[in-house]
Each structure stands twice: as C-alpha cells, then as structure tokens.
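Let me begin by presenting the structure, written as structure tokens, before commenting on it.
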Amino acid sequence: MTSNLSEVKKDKLEDYYEMALRCNKCGFCRHVQPMAMADERFWGQCPPGQNNKYDSYFASGLLEISRAVVEGNLKITDKVLDILHRCTTCGFCEEFCEPGSRLKPLSIIMALRERCVEEDKMLKPHREMVDSMIENMNPYGRPRTERLSFLNEVESLSSSSSDHLLYFGCCSSYKNQEIAKDSLEILTRGGLDISIDKDEICCGLPGFSIGAEKAGLELLKKNIDRLNSSGVKRVVFVDPQCQFTFAQAKSHGMTLNFELQHISQTILGLIDHGSLTFSPLEEKITYHDPCYLGRRLGIYEEPRKVLSSIAGVTLFEMPRSRANSFCCGAGGGVSVAFPDETALTSKNRFEEAASLGVKSLVTCDPLCYDALEKAANGKGIEVYDLSKFLLRVVEER
Amino acid sequence: MKSLADIVGDRWVSDEQEVLASYGRDISTYLLYGQPKPPDLVILPQTTEEISKIVKFAKDTHLRITIRNTGLSLSSTSVAGHGGLLIDLRRMDRVLQINGETHTATVESNVSLAVLSFAMQKRGMFIAIPGAPSTAGVLSNYVYGNTNKSGSRLDWQYNHIIGIEMVLPDGSIIRTGSSTDDSDEPSIWGHGPGPDLHYLPVHAMGTLGIVTKMTVRGHPLDDECKIFWAAFDDIDPACSAFRDIVRRELCTGSCVYAGHKYTSYATDTSEAQYRMNRVHPMYSIVLTFQGTKGRVEYEEKTVREIVGRNEGRVIVDKFPPYESFVGSHIAMATSLYSDVLGAIRYWGSRGSLTTIFAILSMEQLAQAWKIFTKATLEEEYFSDPDNLHGDLGLGMIGYATEGGHYDWLELGLEGHNLNLDASWASVRVVGKCVKEFAKLGIAVDPRRSSKIAPGKHNLQSGYVDLMTTMKKSLDPSNIMHPGWWFTYKG
C-alpha cells in the first residue's frame with residue numbers, strides 16, 4: 001500500500017453525510033490488513049477502539065455519531081468530545097477504507113472536530129493548548145525564551161547563507177530538546193551547511209488536529225510567509241507532524257517556494273553521498289513508523305535504509321509495520337487531553353517491540369519518542385530518536 | 001444500571017446516548033437510509049459466567065437481549081430492533097487452545113476468522129473458511145453462516161463444530177461435545193457424550209441462547225494446492241461439467257458460477273466492476289486441487305478431460321489482470337487456505353443488493369438460474385436497461401455439498417450499487433423466486449438476507465413456526481433476541 005494521507009479533510013461535516021451512511025461495519029478499519037498479519041497477538045488497530053472496546057470509539061462508531069449529529073439526533077455533549085478526542089488521528093482507518101470502499105473515516109472525524117470547535121465545544125486542555133499557540137506560538141504554555149535554550153550562539157535564519165533550514169517543531173524545541181540538539185549535530189557531522197530559525201513558531205498542527213482550523217491556518221500562513229520570503233530552498237523537518245502540516249498548505253491555497261524533506265531523507269542523502277559513515281554496531285533493533293511520517297507522508301523506507309546502513313545492526317520488523325503500523329498513542333491531541341489513554345496505547349506498542357527480543361527501539365518523531373520512552377521506563381529496551389541512535393556510531397570525518 | 005454494573009464493572013455498561021448511537025445499524029439495506037435502532041443499554045462482559053448473570057437479570061426484569069459479536073450481520077441480528085439490552089462480546093476475544101495433535105482449536109466468541117486462520121496455519125493446519133470477511137467471528141459464522149464454502153470434502157461449516165459452551169435464555173450454562181470435557185487435553189468427541197446438542201444454536205440467529213466458546217476442527221495443510229478455472233458458453237454445459245467433477249469426488253473446493261457473482265467483491269469501485277463484468281466469463285467453474293502431488297496431478301488431468309468433453313475453455317492461466325478475482329474465488333469458493341487472508345480483502349465492499357440461498361439437487365442448478373434471470377428481467381425496475389446497468393449484475397454460485405448429492409446455491413443482484421429503489425426491486429425479485437422455487441420443491445434458506453424491513457420478511461412460514469415453537473419452550477419470556485418475526489409476547 002503506497003497511498004498517503006497528505007491531504008486529509010476537505011469539506012464540512014454535512015458534505016460527508018452520504019459517505020458516513022455507506023460504512024457497512026466491515027471492521028477492516030479495526031485490524032491489521034489480513035494479508036499483512038504477522039502475529040495474531042498484535043492484530044488490533046485503532047488505539048481508542050482497542051483501549052475502550054465500545055463501538056463508539058472505533059472509526060465506524062464515530063461515523064454513526066457524525067451521522068446522528070448531522071441529523072440533529074445527537075447534540076455535541078461532553079461525552080461526544082470525550083469519545084471524539086481519544087482518536088489519535090493515526091489514519092489507519094482511512095489508509096485502507098479509502099482505496100477499498102471509497103470512504104474517508106478520518107476526514108469525517110476531522111470534520112466533526114471542526115464542527116465541535118465551531119460550536120465552541122472544546123476540551124479544557126485543548127482550549128488551553130490553542131490559547132497558548134496564539135499567545136506563546138507553541139502549544140505547551142511555555143515562554144518563548146525557553147525555546148532552544150541550549151542553542152544560544154547559533155545564527156538565526158536571517159543571518160545564515162545556507163539555503164537549507166532545519167525546522168525543529170515545538171516538541172523538540174520545548175519538550176525534548178535533546179532531539180533538536182542531536183538532529184542538528186548529526187547533520188553538521190555529515191557536513192551539511194544548514195541554518196536554523198531562532199524565531200521559529202508553531203506550525204499550527206495542534207490546532208488542525210483538534211479541529212481548531214482557524215488557529216492552525218493562521219500559524220501555518222505566518223510560517224510560510226516567513227519562509228517564502230527568506231529565500232530558503234529546502235526545509236528539513238525533525239518532526240514529521242510539522243512536515244505534514246506544511247504539506248497541506250497547497251490544499252489551503254498557499255504556495256510553497258521551498259521543498260519539504262524529512263530529516264531521515266536528508267540523512268540518507270548524506271550517507272549515499274559518503275558524507276556520513278558509521279562504525280559497526282552488533283545490535284538487534286526495531287523501528288517504529290510514526291503515523292504522520294508513514295501513512296500521512298508515505299515515508300517508510302528512508303529511516304530503514306539509514307538504520308540498515310550500519311554494519312552489524314539487525315533490523316527486526318514489528319508485526320504491525322509500515323502502512324499497518326500501530327500508533328504510539330500520542331497524536332491528535334490525545335497526549336494533552338488523555339495522557340492515560342496515550343500510556344495504554346504506547347504500552348501496547350512497546351510490548352510489541354519487546355516481543356521481538358530487541359535491544360533498541362528507534363523512531364523519528366519527537367512525540368512518538370516521548371510516548372514510547374515513557375512506556376519503556378526501566379523495561380530493558382532503549383528508545384532512541386533516529387539522530388541520537390546514529391550519534392552512537394557516527395565516524396569522525 | 002447498577003445491577004448490571006455490579007456484574008461487569010462500571011466501565012463496561014453504558015446507557016449514554018453517545019455510546020448507544022454506534023449500535024443502531026448493521027449492513028441491512030433498510031437501515032442504510034432508515035433510522036438507526038440503538039439499544040437502551042449496552043454491556044461488554046468478559047466471561048461466560050458474567051453473561052449468565054446478565055441473562056438471569058434480564059429474564060427477571062424482562063429486559064430484551066440482543067447479541068453483537070463482530071457486528072457484521074447482514075440481517076440486523078445484531079441490531080436491537082426492540083430496544084433493550086445489547087450484549088457486545090468484543091471483550092471475549094481469546095484463542096483458548098490450539099491442539100496440533102487433535103487438530104482442534106477452542107475460541108471465545110469474538111475471535112475472528114483471520115486470527116484463528118493465521119494461528120492455525122502457523123501450526124500446520126487450516127480451518128474451513130466461510131464466505132465472510134476475515135474480520136468476522138469464527139463462532140458466529142460457524143453457527144450462523146449458511147454458505148458451504150468448503151466443497152464436498154469439508155462440507156458445511158457447522159459440521160466442523162465439535163463442542164460449544166452456551167448460555168440459555170434462563171441463564172443456565174450448557175456444554176456439548178468436547179466442551180463437556182474440561183481436562184487440559186479435551187477430547188474430540190463432537191457428538192458425545194450426548195445428547196448431541198451442538199446443532200442447537202445453528203441457524204437459530206441468536207434467538208435460543210448465547211454461544212460463548214466453541215471448539216472447532218482443523219485440518220492438516222496439504223502438500224500442494226492449485227486453483228483451476230474454466231469458462232463455458234452456456235449454463236447447461238457448465239453445470240454438466242460441474243456435476244461430473246463432483247460425482248467423481250474430485251477437487252476439495254468446487255463451485256459453478258453464472259453471471260457476475262462476486263465481481264463486486266473483487267473490485268474496489270463501480271467502474272472497476274463494470275470493466276470486469278464486460279470481460280468476465282458468463283459461465284465458469286472454479287476448483288481447487290489439494291492433496292499430495294500425485295493427487296493434484298490426477299485431479300487436474302481428469303478435470304481437464306471433463307472440461308473438454310463439455311466444450312469448456314481452461315482460462316486459469318489466461319487472465320493475469322484478475323489476480324484479485326481469482327484470489328476471491330479461492331477464498332470464498334473453495335476454502336483454499338494458502339492465500340485466504342489476502343484474498344478476502346474486498347469482501348468489506350458493499351456487494352449484494354440481496355441474495356437468495358437455497359439447497360437443491362445438482363440437476364436443478366441450471367433451472368434455478370433461469371428462474372432467477374426471468375424474475376429479474378420481469379421486475380419493472382430492472383426491465384429498464386438504465387437501471388440494470390454495468391455495475392449491477394445478476395450472479396449465481398453453486399457449491400457441491402452433502403457428498404456431492406446436492407448444491408448450495410446463492411443467487412443475487414450484485415454490485416456496488418447503493419440505490420434504495422434497486423434494493424427494494426431486488427427484494428421483490430427474491431419474493432417471486434421463493435414462490436417459483438417452492439413449486440419445484442427447492443427449499444429456500446430462510447435465514448439470511450431475508451429480513452427486509454420491520455414487519456416484512458421472506459421467511460418461509462414453516463421455519464417461523466418451528467423457531468417459534470422452540471423459542472417458546474426455551475425462552476418463554478421471549479427476551480432473547482426477538483428479532484422482527486417472533487411476535488409472541490412472553
């Protein structure tokens with residue numbers, strides 16, 4: 001399956017009404033596609049459905065809720081918000097339902113989220129998150145002075161001559177700064193001349209993902225206006241969720257004057273060019289496909305090629321991988337509003353990795369790293385962001 | 001609510017309308033555009049004992065019960081038409097044991113065909129696959145699935161059941177066959193120690209109790225498997241060749257196709273189906289050769305001779321674009337296990353407008369097809385060529401069963417069509433066929449795709465009488481899935 005979901009959601013909830021009716025409850029959105037099944041213990045998909053079991057939490061159930069809302073038979077209550085916002089927007093449902101049955105469950109879910117915001121119905125943590133996006137230009141309620149506090153001496157975008165820009169995203173700028181630091185270091189060790197933007201602001205994804213499209217669009221537009229006028233030719237993303245947001249710009253009528261590239265792709269380019277080389281490492285590892293990098297952007301192979309380029313590393317695939325990958329549980333605003341829900345999902349994913357008997361679990365999305373690292377706490381498997389893993393073995397030039 | 005929460009815990013029972021809203025529909029056509037029918041309560045038990053307590057409570061309080069397993073019912077058996085309590089079996093999803101020596105597996109209610117099939121294959125076995133999506137439940141399809149996808153070698157799905165555990169409408173728990181043996185290594189005495197009640201829930205549509213566990217028979221993987229497909233210019237030679245093959249006890253999977261049965265399942269859009277219908281052979285037989293290498297060679301040689309005698313054309317090697325179609329045939333028609341998981345990919349598509357199921361003699365197959373064709377073309381809606389267009393076709397499939405003496409027949413109007421007028425027209429066709437078939441002594445299976453709207457059905461009165469008598473005896477309060485047609489009051 002090579003389709004990607006880079007353009008999710010186009011219409012209002014009412015526009016999806018007929019589509020919602022057509023869901024025949026076949027259940028293919030709830031499980032790994034049968035032909036890709038590798039272990040019957042890890043067959044489930046749809047994190048909120050797996051955790052909460054009631055039909056309502058699966059995509060097919062949310063379609064029925066959407067239908068009832070459009071028909072006026074169900075008001076948007078706190079319970080609707082509770083069910084709706086446990087969806088991590090992992091996109092598994094749409095990945096297979098769209099080509100198979102021409103239905104777009106995630107698009108309908110996103111349209112319902114927007115309807116909720118239009119009616120000013122939001123979960124308190126989400127409301128605070130959006131307020132912070134507007135006020136602090138990040139979703140975490142953190143002052144901007146904290147951003148990249150480890151990088152006080154670097155040049156700002158305006159003073160850099162490089163036409164490559166490293167876009168960190170808020171998660172690594174504020175929560176997991178080590179990832180930002182490692183990302184910059186591995187690219188620099190590969191000899192890449194890349195600038196950063198000291199005034200980088202939130203891409204808008206947290207707003208889009210919970211239905212607050214207006215707030216998301218405002219930030220996305222600011223980002224694109226700044227970058228378009230900067231003359232940068234390529235933006236390299238640490239966080240695939242930010243890249244996905246930029247990739248949607250066209251569908252919102254915006255033009256990008258620069259290319260988008262995930263850091264795993266940039267690193268692979270440096271390896272192919274011979275600029276990055278690694279010393280051997282005898283280690284069994286596995287790789288977690290971030291939903292936004294994989295299903296949304298269609299980038300599955302580059303991180304694997306990077307990891308496989310290290311002599312001695314044995315890469316084991318998890319039973320749910322690539323398009324059938326299982327979410328870490330953190331996306332879609334879930335880790336903000338329902339941290340316990342995220343913990344359940346990431347525990348499930350971590351157990352899947354543990355079933356392989358590997359020593360390390362590598363991913364390349366700061367939010368996934370955060371969730372999986374918490375799940376791994378003291379359980380014998382190290383969780384790495386891709387850059388950090390590479391820094392263990394990168395050779396001096 | 002409190003009494004039920006005491007049984008399963010607060011988390012697993014709900015009367016919230018937001019939760020109930022998701023339980024109001026299944027694939028039934030009349031519910032597609034009609035109002036959903038949610039239950040008043042939904043509960044998710046995890047054990048047989050919990051279900052027993054729930055049923056006793058429901059009986060005492062006269063609360064009507066509907067069961068939902070994987071929720072893929074085609075005929076609203078998992079929709080609470082009368083409100084009441086819906087028992088969702090999703091939390092009962094364990095494979096309890098697989099025994100490689102006795103070739104058996106014991107599963108809870110919610111284990112899917114894909115999970116058990118995969119688990120058995122890993123251990124060198126396969127299970128009979130009914131014509132259902134891989135996401136459907138093993139248990140509900142073995143007791144309720146009425147199609148014989150296994151050919152004459154494996155026969156009906158329910159003959160593979162060797163033990164059940166079931167909660168009756170008074171809350172008592174019964175175990176039959178192997179399930180009476182609670183040792184670590186259960187026996188495979190399917191019909192013992194008696195009385196043999198393991199047919200009790202079969203085709204009762206959840207009206208006589210709730211099956212919570214089932215032990216089913218598996219089969220060792222064959223040395224070799226091969227698909228075979230031949231086309232014919234008319235229905236009569238196709239059926240003739242089919243009879244000849246079956247009566248010689250050739251081929252594990254064996255079926256005859258007419259029209260466009262299942263082209264909708266093998267395609268992902270109306271347009272793709274339209275293209276496939278244009279080139280798809282009108283009459284064909286699809287077979288699997290399975291067994292030792294020598295057996296497979298013998299079957300293929302003999303079948304090729306039979307096809308030649310009936311002026312058929314071997315096409316299995318000539319349609320490379322139709323891999324998915326061949327795969328669907330393999331999965332749905334023949335029980336071949338090697339590719340089965342992938343092949344049923346598109347079953348989830350909306351395929352049939354409506355379907356007739358019947359059992360008849362081998363000699364009546366061609367005649368049944370002609371009756372169905374005539375009834376369809378005489379129906380006013382379909383007599384307009386614009387309405388019987390490219391992505392909506394007539395289709396028939398016949399499977400050999402009962403040692404090859406009979407055929408299990410499916411007739412249907414097939415397509416991705418979502419037109420409600422077409423759906424109602426197809427229902428009228430079914431009604432007409434039921435009457436015509438009855439004149440020939442062909443028994444139309446009443447169990448599936450028969451419920452077309454509240455208060456309307458194509459069920460034979462004899463079936464309703466029998467079920468009502470049994471139900472009054474076992475469920476005098478009429479709490480257990482009353483459905484639409486058992487109208488007596490408890």
Assess whether atom [atom1] of [X] is packed by more than 12 heavy atoms of other residues, nucleotides or ligands within 6.0 Å.
X	atom1	answer
B:Arg94	CZ	no
A:Lys121	NZ	yes
A:Lys379	NZ	yes
B:Lys122	NZ	yes

Spacing of [atom1] belonging to [X] relative to [atom2] belonging to [Y], to within rounding of 0.5 Å:
X	Y	atom1	atom2	answer
A:Lys53	B:Leu44	NZ	CG	9.0 Å
B:Met120	A:Glu40	CE	CD	11.5 Å
B:Phe118	A:Arg41	CZ	CZ	10.0 Å
B:Ser22	A:Leu63	OG	CG	9.5 Å
A:Glu64	B:Leu20	CD	CG	12.5 Å

Donor-acceptor side-chain pairing of A:Ser56 and B:Glu18 below 3.5 angstrom: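 No, because no side-chain N or O of A:Ser56 sits under 3.5 Å from a partner of the opposite role on B:Glu18.
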Within the side chain of A:Arg67, is there an N or O that forms a donor-acceptor pair under 3.5 Å with the backbone of B:Ala21? no
Is there a donor-acceptor contact under 3.5 Å from the side chain of A:Tyr54 to the main chain of B:Val13? yes
Verdict with supporting geometry, B:Val115 and A:His31, side chain to side chain contact (heavy atoms under 4.5 Å, CB included): CA-CA 10 Å; B:Val115 163; A:His31 308 285; over 6 Å; no
Please step through salt bridge (Lys or Arg N to Asp or Glu O under 4.0 Å) for the pair A:Asp55 and B:Arg68, ending with a clear verdict. CA-CA 10 Å; A:Asp55 262 14; B:Arg68 175 172 293 214; 2.7 Å; yes
Part of [X] within contact of chain B (heavy atom distance under 4.5 Å):
X	answer
A:Asn73	both
A:Phe58	side chain
A:Ala36	neither
A:Arg30	side chain

With a 4.5 Å cut-off on side-chain heavy atoms, are A:Lys79 and B:Val19 touching?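 Yes, their side chains come closer than 4.5 Å.
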Could you check if a side-chain atom of A:Thr77 sits within less than 4.5 angstrom of a side-chain atom of B:Glu16, using non-hydrogen atoms only?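 Answer no - side chains too far apart.
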